[in-house]
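To start, the structure under review is shown below, and the notes come after it.
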Amino acid sequence: MLVRPRIFYKFFVVNRETEGRTISARDNRREQTQINEYIRAREVRLIDETGEMRGIVSIDEALAMAEEADLDLVNISPNADPPVCKILDYGKYRYEQQKKEKNAKKNQHVTEIKEIRLSASIEDHDITVKAKAASKFLQDGDKVKVSLRFRGRERDYTQLGFDAMHKFAEMVSEFGVIEKEPKMEGRRMNMFLAPKKDKK
């Protein structure tokens with residue numbers, strides 16, 4: 001019975017974050033990418049270093065081909081049956097994966113909900129200032145919750161609140177649209193605005 005020797009590979013990845021740092025197969029195991037002797041399947045669907053599909057081969061044959069090419073055997077599709085493995089330079093592959101992830105995070109915007117508080121008797125200057133702030137939030141791609149609390153007898157004049165809400169929505173209409181119409185919840189009235197899709 002052929003017993004594969006346990007070989008520990010070390011890979012050197014050059015980029016601004018990890019320059020000068022040695023990355024071992026043990027480090028990689030924590031990242032869940034199966035490479036070389038950590039691939040436990042008996043057979044794999046092999047893609048060679050030129051990108052050619054070589055079909056289903058034994059893991060020993062795949063490892064031997066990777067060693068002959070002085071490259072690594074990387075499991076690129078562990079959920080397939082059998083798993084798909086490719087012969088490649090793992091250090092370069094890992095660097096490219098990190099670069100893709102970094103670019104994806106850079107282009108991803110996490111939508112937040114910002115809150116603007118009004119009052120039933122808000123003056124024109126104050127509502128203008130708050131509308132400018134809300135417009136900036138909407139331009140940044142965030143949603144805006146507009147809340148208005150009725151104090152004391154103001155609860156008897158809810159129409160003033162609805163009027164203030166609709167006036168506010170009109171003032172920011174260049175950048176946002178009403179996602180949820182003004183609605184009373186206890187002594188508080190809430191309205192939600194969402195960014196216009198064509199406004200960034």
- side-chain contact (heavy atoms from CB on, under 4.5 Å) assessment of D124 paired with K167: CA-CA 10 Å; D124 289 344; K167 181 177 181 179; 2.8 Å; yes

- Task: Carefully, step by step, assess F150 and M189 under the rule side-chain contact (heavy atoms from CB on, under 4.5 Å).
- Result: CA-CA 8 Å; F150 293 93; M189 181 182 291; 3.8 Å; yes

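- Annotation: the span from D72 atom CG to T33 atom OG1 amounts to 12.0 Å, rounded to 0.5 Å.
- Hydrophobic clustering, with ILVMFWY side chains joined whenever heavy atoms are under 4.5 angstrom apart, keeps F192 apart from V144.
- In this structure the side chain of I87 never reaches within 4.5 angstrom of the side chain of I47, judged on heavy atoms.
- Residues M165 and V146 are in side-chain contact: their nearest non-hydrogen atoms beyond the backbone lie under 4.5 Å apart.
- Interatomic distance, R45 CZ to D81 CG, rounded to the nearest 0.5 Å: 9.0 Å.
- Nearest heavy-atom pair, M53 versus L46, reported as atom, atom and distance to 0.1 Å: SD-O, 3.4 Å.
- In terms of modelled atom types and a separation under 3.5 Å, the side chain of K102 and the main chain of Q97 share no donor-acceptor contact.
- Atom CZ in F137 sits 12.5 Å away from atom CD1 in I113 (nearest 0.5 Å).
- Between I116 and A134, the shortest heavy-atom distance links the atoms CG1-CB, 4.2 Å.
- The shortest side-chain heavy-atom distance between Y95 and K92 does not fall under the 4.5 Å cut-off.
- In this structure, the side chains of H166 and P182 come closer than 4.5 Å at one or more pairs of heavy atoms.
- Side-chain atoms of D140 never come within 3.5 Å of backbone atoms of D142 as a donor-acceptor pair (strictly under, hydrogens ignored).
- D70 contributes atom CG, which lies 11.0 Å from atom CD of E49 (distance to the nearest 0.5 angstrom).
- Contact record, R153 with Y157: O-CD1, 3.5 Å, taken as the closest heavy-atom pair.
- Once rounded to the nearest 0.5 Å, the distance linking CD1 of I35 with CZ of R94 reads 9.5 Å.
- Counting heavy atoms from C-beta outward, L118 and F168 have side chains that approach closer than 4.5 Å.
- Side-chain contact, D60 with S58: no donor N or O sits under 3.5 Å from an acceptor N or O.
- For residues 178-191, the set of pairs meeting the side chain to side chain donor-acceptor pair (under 3.5 Å) definition, not counting sequence neighbours, comprises K143-E179, E185-N190.
- Note on E112 versus K114: salt bridge recorded, some NZ/NE/NH1/NH2 to OD/OE distance being below 4.0 Å.
- Other residues, nucleotides and ligands contribute at most 12 non-hydrogen atoms within 6.0 Å of the CD atom of E123.
- The shortest side-chain heavy-atom distance between M171 and T128 falls under the 4.5 Å cut-off.
- Residue Q139 holds its CD atom at 7.5 Å from CD of E174, rounded to the nearest 0.5 Å.
- Across C85 and I39, no two heavy atoms sit closer than the pair SG-CD1, 3.9 Å.
- What you find for A62 and L73 is that their closest heavy atoms are CB-CD2, 3.7 Å.
- Between V57 and V44, some side-chain heavy-atom pair lies under the 4.5 Å cut-off.
- Scanning for side chain to side chain contact (heavy atoms under 4.5 Å, CB included) contacts around P78 gives N75, with sequence neighbours left out.
- A salt bridge is defined here as a Lys NZ or Arg NE, NH1 or NH2 lying under 4.0 Å from an Asp or Glu carboxylate O, and K130 with D126 fails to meet this definition.
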- Query: Does the pair V74 and N36 meet the rule for a side-chain contact (heavy atoms from CB on, under 4.5 Å), with working shown?
  - Reply: CA-CA 7 Å; V74 179; N36 299 325; over 6 Å; no

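- No hydrogens or angles considered: a donor-acceptor pair under 3.5 Å links the side chains of E115 and S147.
- The minimum heavy-atom distance linking G161 with L148 is given by the pair CA-CD1, 3.9 Å.
- Between Y93 and Y90, the ring planes lie tilted relative to each other; the angle falls in the 30° to 60° range.
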- Message: Between M191 and I178, does the side-chain contact (heavy atoms from CB on, under 4.5 Å) criterion hold? Intermediate values first, please.
- Response: CA-CA 7 Å; M191 174 179 69; I178 296 177; 4.2 Å; yes

